[in-house]
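Read through the structure below, which is laid out as C-alpha cells, and then see the notes.
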Amino acid sequence: MLTFDKKIGLGEVIAIFALVMSGVAVWQANTHSNPDFVVEQLTPLKVTFASGEADDKLYVGFPIIVSNTGGRSASLLQIAASGEPTIFRIVEGSPFVDDPSLRLDYAIVEGVFNTTEQLAELISSQSLIELKLPQILNIEVESGKAKPFVFVLRISDRNGDMLVGERLAFSVHLRFSDGTVYRLAQGFGFEDS
C-alpha cells in the first residue's frame, strides 16, 4: 500500500517546476507551429497592348509576396467575394452595383515581374480562365518562406464597349488555410481626374 508524506521537500518542488515548464513548452510549441501569413501587395501594373488589342479589354497584374513566418506550411486556399461587387463601374451619384457586362478572366503566375513589358510578355503566354467566385487556388507556402506571384486579371466588356477612360473598381478576398483574409482591391481610370 502507498503512503503519502505530507511534507514538501526539494524533490517535490523540482518536480512541480518541471511539470509547469513542460506545460509552458507544449503551449509555446503549439502557438509557434501555427502558420502566420504576411501579404505584401506591390504596385499593380496596367498593360496596354499596342498590337491592335481592343479597347474593350484592360489587363492588370497584381504582384503579391506571401510570407509564412509561422512554424507550419499552409496554403492560399481561394479567391472569394468581398462585401462589394467583384468588378463595377464607378458612376457619380450611383451605388456600387454589379455590372453584368463586365467579365473577369485570371491567371496566377509564380515569380516577380517589375515592368509592364515583362507583364505584357507574361500575359501573352498565359491562357486566362473566367473568374468565378469562390475560386479554389490551393497554393502552398512553406514555413519560413516567401512566395512571390502575380495575379493577372483581364477585364473585358461583353458588349464590346470601350474601357479606356472608364472608372472601374475591383475587389476580392484572398483566404488562407489558417483563417487569414487579405483584401485585394484596386480602382482603375482615376489618373485622369
Side-chain angles (χ1 to χ4, degrees), residues 35-51 53-70 73-90 102-157 163-193:
D36 183 23
F37 285 108
V38 176
V39 179
E40 181 182 356
Q41 181 181 341
L42 306 175
T43 305
L45 302 170
K46 188 165 76 170
V47 173
T48 309
F49 287 96
S51 61
E53 184 67 55
D55 287 338
D56 65 343
K57 292 181 179 61
L58 178 65
Y59 291 87
V60 182
F62 294 94
I64 296 173
I65 300 172
V66 177
S67 303
N68 181 357
T69 59
S73 295
S75 299
L76 168 54
L77 286 181
Q78 65 179 345
I79 303 171
S82 61
E84 54 273 344
T86 306
I87 184 79
F88 53 93
R89 295 179 202 260
I90 297 177
L102 295 177
R103 175 188 166 127
L104 295 174
D105 298 297
Y106 85 101
I108 293 185
V109 182
E110 288 188 34
V112 177
F113 303 89
N114 297 320
T115 66
T116 54
E117 292 80 20
Q118 289 176 329
L119 183 60
E121 191 176 311
L122 166 75
I123 289 171
S124 60
S125 68
Q126 293 297 310
S127 57
L128 283 77
I129 58 173
E130 186 172 2
L131 179 63
K132 295 182 180 180
L133 301 179
Q135 186 71 51
I136 304 299
L137 300 177
N138 207 18
I139 299 172
E140 183 180 11
V141 182
E142 294 179 33
S143 168
K145 296 200 176 173
K147 184 170 274 195
F149 63 89
V150 178
F151 177 66
V152 177
L153 187 65
R154 177 175 60 207
I155 306 169
S156 55
D157 190 300
L163 292 178
V164 174
E166 287 283 333
R167 290 181 172 188
L168 305 172
F170 165 76
S171 176
V172 293
H173 284 162
L174 302 178
R175 294 191 185 277
F176 294 87
S177 59
D178 71 334
T180 301
V181 176
Y182 178 79
R183 183 170 181 250
L184 179 62
Q186 184 68 36
F188 307 104
F190 293 91
E191 51 275 342
D192 302 331
S193 54

Could you state the interatomic distance from CG (Leu168) to CD1 (Ile87), rounded to the nearest 0.5 Å?
5.0 Å

May I ask you to decide if Glu140's main-chain N or O and Lys147's side chain share a donor-acceptor pair within less than 3.5 Å?
yes

Student check: side-chain heavy atoms of Phe170 and Thr86 closer than 4.5 Å
yes

side-chain contact (heavy atoms from CB on, under 4.5 Å) between Asp178 and Asn68, worked out
CA-CA 11 Å; Asp178 71 334; Asn68 181 357; over 6 Å; no

Side chains of Phe176 and Val66, heavy atoms from C-beta outward: is any pair under 4.5 Å?
yes

Ile79 and Leu174, any side-chain heavy atoms less than 4.5 Å apart:
yes

For Lys57, is there an ion pair with Asp105 - N to carboxylate O distance below 4.0 angstrom?
no

Value rounded to 0.5 Å, distance of CZ in Arg154 from CZ in Arg103:
7.0 Å

Spell out, as yes or no, whether a donor-acceptor pair under 3.5 Å connects the side chain of Ser75 to the backbone of Asn138.
no

What distance do Gln135 atom CD and Gln78 atom CD have between them, rounded to the nearest 0.5 Å?
9.5 Å

Heavy atoms, side chains only, cut-off 4.5 Å: are Leu128 and Tyr106 in contact?
no

Search all heavy atoms of Ser143 against all heavy atoms of Ser73 and return the closest pair with its distance.
N-OG, 3.4 Å

Just wondering, do Leu137 and Leu77 contact through their side chains at under 4.5 Å, heavy atoms?
no

If you measure from CG on Leu104 to OG on Ser156, what distance do you get to the nearest 0.5 Å?
7.5 Å

Non-hydrogen side-chain atoms of Ile64 and Leu184 separated by less than 4.5 Å:
yes

Least distance between heavy atoms, Ala81 atom then Arg175 atom
O-NH2, 4.4 Å

From Leu102 atom CG to Leu58 atom CG, the distance as rounded to the nearest 0.5 Å
10.0 Å

Side chains of Phe149 and Val109 in contact at under 4.5 Å (non-hydrogen atoms):
no

